[in-house]
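Just so it is clear, the structure is predicted and the values come from calculations on it, not from any experiment. Residue numbers start at 1 and run along the sequence shown.
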Amino acid sequence: MKNFRYRMEEKIRKFLIGRNGPDLLSRDVYTAGLILLVIELFIRSGWLYYAGLIMIGYSMCRVLSRNIYRRQEENRAYRQRKEKAAGRVRLMKRQWKERHTHRYYRCPNCHNMLRVPKGKGRIDIRCPQCGTTFEKRT
């Protein structure tokens, strides 16, 4: 039995040589497909089942793809978008946590987010990134 398992693992390893393999995008798409299939068990709408199967199929096609460069570019773009969204969520959490002590403003020139203390009246705010000065009420 142990010898059979070793032979199967070796065959799978040889089959996956030169293929993309699992990456963040394929794992997230696969997970989303499984979630849709589980939701389908409770809702019974029909279209969720097919959407879940399509997502799982797409994920498997990405894993088995031999066009590694293209899949890596797609994964890189996905990682950037996911990190940008996560950064927005972190900023919103921080703003909510500090809502009693600080105000947040965007620089009108470079759109950098700036944090200033609350309760100081009308103050001049200087952006450390571009040097633009603008006046706001805290």
Side-chain angles (χ1 to χ4, degrees):
M1 187 68 159
K2 190 174 182 182
N3 197 14
F4 173 75
R5 181 177 174 208
Y6 175 75
R7 282 186 280 150
M8 288 305 294
E9 287 176 358
E10 191 62 31
K11 285 182 182 181
I12 292 171
R13 193 174 300 118
K14 284 182 181 179
F15 175 74
L16 290 176
I17 290 175
R19 299 187 189 268
N20 185 47
D23 56 7
L24 180 66
L25 177 56
S26 64
R27 281 187 297 231
D28 285 356
V29 170
Y30 186 82
T31 304
L34 284 178
I35 289 170
L36 287 179
L37 289 178
V38 169
I39 291 172
E40 168 63 26
L41 290 173
F42 298 106
I43 294 179
R44 300 275 188 202
S45 67
W47 66 272
L48 284 176
Y49 175 75
Y50 294 111
L53 286 181
I54 289 171
M55 292 176 83
I56 290 172
Y58 174 69
S59 174
M60 290 297 111
C61 288
R62 283 188 53 79
V63 168
L64 298 175
S65 174
R66 289 185 183 257
N67 192 350
I68 295 172
Y69 176 75
R70 180 74 173 215
R71 300 294 88 79
Q72 286 176 344
E73 286 298 311
E74 292 169 354
N75 191 48
R76 183 190 55 76
Y78 174 71
R79 281 180 179 270
Q80 285 178 342
R81 278 185 251 127
K82 188 173 180 178
E83 181 55 38
K84 188 174 181 180
R88 286 183 185 145
V89 169
R90 282 192 301 270
L91 178 64
M92 287 173 28
K93 281 177 150 180
R94 185 175 178 195
Q95 285 176 337
W96 181 256
K97 186 178 175 184
E98 297 176 347
R99 68 187 181 277
H100 298 297
T101 58
H102 291 85
R103 294 281 309 257
Y104 286 81
Y105 294 106
R106 285 212 178 267
C107 173
N109 188 30
C110 66
H111 306 289
N112 189 24
M113 187 63 74
L114 305 172
R115 183 179 78 136
V116 295
K118 253 185 173 180
K120 299 292 183 184
R122 193 166 278 287
I123 61 171
D124 287 332
I125 303 169
R126 183 181 174 278
C127 176
Q129 187 170 348
C130 66
T132 304
T133 303
F134 56 98
E135 189 175 308
K136 288 286 184 180
R137 184 169 172 251
T138 62

Of all the heavy-atom pairs spanning Ala32 and Met55, show the shortest one and how long it is. CB-CE, 3.3 Å

Keeping Lys82 on the side-chain end and Leu25 on the backbone end, is there a donor-acceptor pair under 3.5 Å? no

Which residue, Gln72, Arg79, Arg62, Arg76, forms the side-chain hydrogen bond (donor to acceptor under 3.5 Å, both in side chains) with Asp23? Arg62

Can you tell whether the side chains of Asp124 and Lys136 come within less than 4.0 Å, N to carboxylate O? no

Looking at Glu73 and Arg70, does any basic side-chain N land under 4.0 Å from a carboxylate oxygen? no

Counting only heavy atoms not in Tyr105 (residues, nucleotides, ligands), do more than 12 fall under 6.0 Å from its OH? yes

Any side-chain to backbone donor/acceptor pair from Glu40 onto Gly46? Under 3.5 Å, distance only. yes

Closest non-hydrogen atoms of Leu114 and Pro128, given as atom of the first, atom of the second and distance, are CD2-CD, 3.6 Å

On a heavy-atom basis, which atom in Cys130 and which in Asn109 lie closest, and how many Å separate them? SG-ND2, 3.6 Å

Just jot down the side-chain hydrogen bond (donor to acceptor under 3.5 Å, both in side chains) partners of Asn112, sequence neighbours excluded, or say none. Gln129

On the ring face of Phe15, is Arg19 found with NZ or CZ under 6.0 Å from the centre and within 45° of the axis? yes

Ser59 side-chain N/O to Ser26 backbone N/O, donor-acceptor pair under 3.5 Å: yes

Looking only at heavy atoms, what is the nearest atom pair of Arg137 and Arg103, with distance? O-NH1, 4.1 Å

Among Ile39, Val38, Leu37, which residue meets the side-chain contact (heavy atoms from CB on, under 4.5 Å) test with Ile35? Ile39

Just checking Tyr104: does its OH atom have more than 12 heavy atoms from other residues, nucleotides or ligands closer to it than 6.0 angstrom? yes

Without swapping roles, check the side chain of Arg106 against the backbone of His111 for a donor-acceptor pair under 3.5 Å. yes

Is Lys118 atom NZ crowded by more than 12 heavy atoms from other residues, nucleotides or ligands, each under 6.0 Å away? yes

For Gly18 and Ile68, the nearest pair of non-hydrogen atoms, with its separation, is O-CD1, 3.7 Å

Might you point out which heavy atoms bring Phe134 and Cys107 nearest each other, and give the distance in Å? CE2-CA, 3.9 Å

